[in-house]
Amino acid sequence: MPTYAYACKDCGYDFDIFQSFTDSTLTECPQCQGSLRKKFNSVGVVFKGSGFYRTDSRDSKGSTVSAAPASSTPAAAPSSAPAAAAAS
């Protein structure tokens, strides 16, 4: 369950509470019965660097996937097409 932070507008009382996503927002201060406001904090997960997937998909040596197989595939297709045309 997520933790939500609340602060009283009247007395300044701050507290955190575990609430389900389906629970309604609290509106009354438990100490002075004043009005509450929900506090919003920064996000707990921050992705830094040049790329998330680029750094996580490397092999054990630390090198990236080679581009040689991708470039050899288009070269193989044109050379096999003329051979097939010459055989017929």
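All residue numbers in this chain count up from 1 along the given sequence. Every value quoted in this text rests on a predicted model; they were computed, and no experiment measured them.
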For residues 12-30, dump all side-chain donor-acceptor pairs below 3.5 Å to protein atoms at least two apart in sequence or in another chain.
from	atom 1	to	atom 2	distance (Å)
Q19	OE1	Y6	OH	2.8
Q19	NE2	S24	O	3.2
S20	OG	T22	N	3.4
S20	OG	T22	OG1	3.3
D23	OD2	S20	N	3.1

(request) Give, for atom CD of Q31 and atom SG of C11, the distance between the pair rounded to the nearest 0.5 Å. (result)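 Going from CD on Q31 over to SG on C11, the span is 5.5 Å.
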(message) Per the salt bridge (Lys or Arg N to Asp or Glu O under 4.0 Å) rule, what does the pair list look like for residues 29-38, sequence neighbours excluded?
(response)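 Qualifying pairs, neighbours excluded: none.
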(request) Give the other cluster members for F40, using side-chain heavy-atom distances under 4.5 Å between Ile, Leu, Val, Met, Phe, Trp and Tyr residues; answer none if it is isolated. (result) none
(request) Taking all heavy atoms of D10 and all of C32, pick out the closest pair and write down the distance. (result)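 The answer is CB-SG, 4.3 Å.
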